[in-house]
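Here's the structure, in structure tokens; my notes come after.
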Amino acid sequence: MKSESRRRSLRKSPQTPAATGSEMYHCSDCGESFTKSHHLKDHEWIHTGEKPFYCGQCGKSFTFQSNLQRHERIHTGEKPYHCLQCGKSFTQLCNLQRHERIHTGQKPYLCGQCGKSFTLQSNLQQHELIHTGQKPYYCGQCGKSFTHKSTLQQHERIHTGEKPYHCLQCGKSFTFQSSLQRHQRIHTGEKPYYCGQCEKSFTCQRTLQQHLRIHTGEKPYLCGQCGKSFTFQSNLQQHELIHTGQKPYHCGQCGKSFTQPWTLQRHERIHTGLKPYYCGQCGKSFTCQRNLQQHLRIHTGEKPYHCGLCGKSFTFQSNLQKHLRIHTGEKPYHCSQCDKSFRDQRTLHSHQQSHTGQKLYLCRKCGRSYTHSSSLRAHKCSNIKPSDFDVKFSN
């Protein structure tokens, strides 16, 4: 029966003579026409599923001999198609043609919805799913759907725990290739993402985007309790612990609890006496890095805190805050004895000594003491040197 069908399919049927000038061979399954009988025979294998051409290396079979020949280049490593622009070689002609569009800039595949053009047809097909909203690829584990098959494959690694991308430097493994590429910059020191405002560079784009908020002032993370906004999500999460009262980090020495882990670490140095941050200029050591950074400004002369009203600069933020009270007139420190107010705590303490009669500032040369440091500095004593001044108590 099948041979009879094959004979019928090889029957010659005349096409319009003016159009072809010769007889045609028609496929009885799909109606496609061919000028030569052997082309029709090759075509019929598509319908029968027959694959008569076998690879001697791996046993894979093919419908057409030309497909087998292309496949065999995988084993031989032959790349007969060469790019005249850069010399790169390819196994198949179609791959060379796609590659050449990199040099010519040709993007022949246009989106009918938005007019965007693409180098490859496959890229256009993926792009069109954005307009249709179609997500044809489903995760069998959680049912989540995806626009692209590659995205589904990446997602499935979350369930399987597969980490196929390995760092050759340290052996660490990663779920995604992009994560490996970011990690490798730790070893190479590469920081390809630059800030146009301050020229600072970063290893990944996400870190750059977070950094840019410092310049733009953007604070996209809002606290649902008090409405306060934050530049970084981690800062919001830390802030939210204020409302919950949660202090999950406990000191093993004294049992004191803390909201943040690094606050606990700093606290523990009180017990250990550890001061791991050293000044390279004078050798002074500090319990936390922030204190070292502030100290270094003494050596560099840096004054990064500027008054927006008069332009005066300060080494420390606390000094700027005290200075701003000159402009605002704010005096937040109140004397409980006479209700007099002061701009800073030190002045309040000095004032309170007038009520207590304490004289905390001592001249080591003659033993005379004073209530205020200014009085000690104004003190006239024979052969006195600045090193002779002493303070009994300092706030």
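Predicted model, so just to flag it, every value in this text is computed and none were measured.
Partners of F90 under the ring-ring contact (aromatic ring centres under 6.0 Å, His included) rule, at least two apart in sequence or in another chain, are H99.
Separating the OG atom in S318 from the CD atom in Q321 is a distance of 6.5 Å, to the nearest 0.5 Å. In this structure, the separation between NZ on K51 and OG1 on T48 is 11.0 Å, given to the nearest 0.5 Å. Of the inter-residue distances, the one linking L96 atom CG with H82 atom NE2 reads 9.5 Å to the nearest 0.5 angstrom. One finds the CG atom of L208 at 9.0 Å from the OH atom of Y193 (value rounded to the nearest 0.5 Å). We find the CD-CD distance between Q260 and Q265 to be 11.0 Å, quoted to the nearest 0.5 Å. Within the model, atoms CG of L348 and NE2 of H351 stand 7.0 Å from one another, a figure rounded to the nearest 0.5 Å.
Between K340 and H334 the shortest side-chain heavy-atom distance does not fall below 4.5 Å. Proximity of Q233 to Y221: side-chain heavy atoms (C-beta onward) are separated by under 4.5 Å at one or more points. Annotation: side chain of C83 is in contact with side chain of H103 (closest heavy-atom distance under 4.5 Å). Taking 4.5 Å as the limit, some side-chain heavy atom of Y137 sits within range of a side-chain heavy atom of K149. With contacts defined as side-chain heavy-atom distances shorter than 4.5 Å, the pair F146/H148 does not qualify.
For the residue pair F53 and F64, the shortest heavy atom distance occurs at CD1-C, 3.5 Å. The minimum heavy-atom distance between N319 and F314, with the atom names listed, is CB-CD2, 3.9 Å. Closest heavy-atom contact between Y333 and R325: CE1-NH1, 3.8 Å. The shortest non-hydrogen separation linking T259 to K247 is OG1-CG, 3.9 Å. Across all their heavy atoms, T175 and Q154 have their closest contact at CG2-O, 4.4 Å. Between C288 and Y277, the closest heavy-atom pair is C-CD1, 3.3 Å.
Exactly one residue among H211, R213, E218 makes a side chain to side chain contact (heavy atoms under 4.5 Å, CB included) with H215. That residue is H211.
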Requested in this report: Could you walk me through whether Q337 and Q352 pass the side chain to side chain contact (heavy atoms under 4.5 Å, CB included) test, one step at a time?
Outcome: CA-CA 8 Å; Q337 298 288 325; Q352 286 172 332; 5.9 Å; no
Report task. Evaluate side chain to side chain contact (heavy atoms under 4.5 Å, CB included) for H75 paired with C55, printing each intermediate quantity in order. Result -> CA-CA 10 Å; H75 301 295; C55 173; 3.5 Å; yes
Report task. Run the numbers on M24 and T35 for side chain to side chain contact (heavy atoms under 4.5 Å, CB included), then give the verdict. Result -> CA-CA 5 Å; M24 304 291 290; T35 56; 3.8 Å; yes
Query raised in the report: How far apart are the C-alpha atoms of F286 and K275, what are their side-chain angles, what is the distance that settles it, and do they pass the side chain to side chain contact (heavy atoms under 4.5 Å, CB included) test?
Result: CA-CA 5 Å; F286 300 88; K275 294 184 177 181; 5.7 Å; no
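Using modelled atom types, one side-chain atom of R269 and one backbone atom of T287 make a donor-acceptor pair closer than 3.5 Å. Within the 3.5 Å criterion, the main-chain N or O of C363 finds no donor-acceptor partner in the side chain of R368.
Y249 forms part of a hydrophobic cluster together with F258, L264, judged by ILVMFWY side-chain heavy-atom separations under 4.5 Å.
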Mind listing the side-chain donor-acceptor pairs of residues 108-129 below 3.5 Å, one per line with the distance, residues two or more places apart or on another chain?
residue: H127; atom: NE2; partner: H131; partner atom: NE2; Å: 3.2

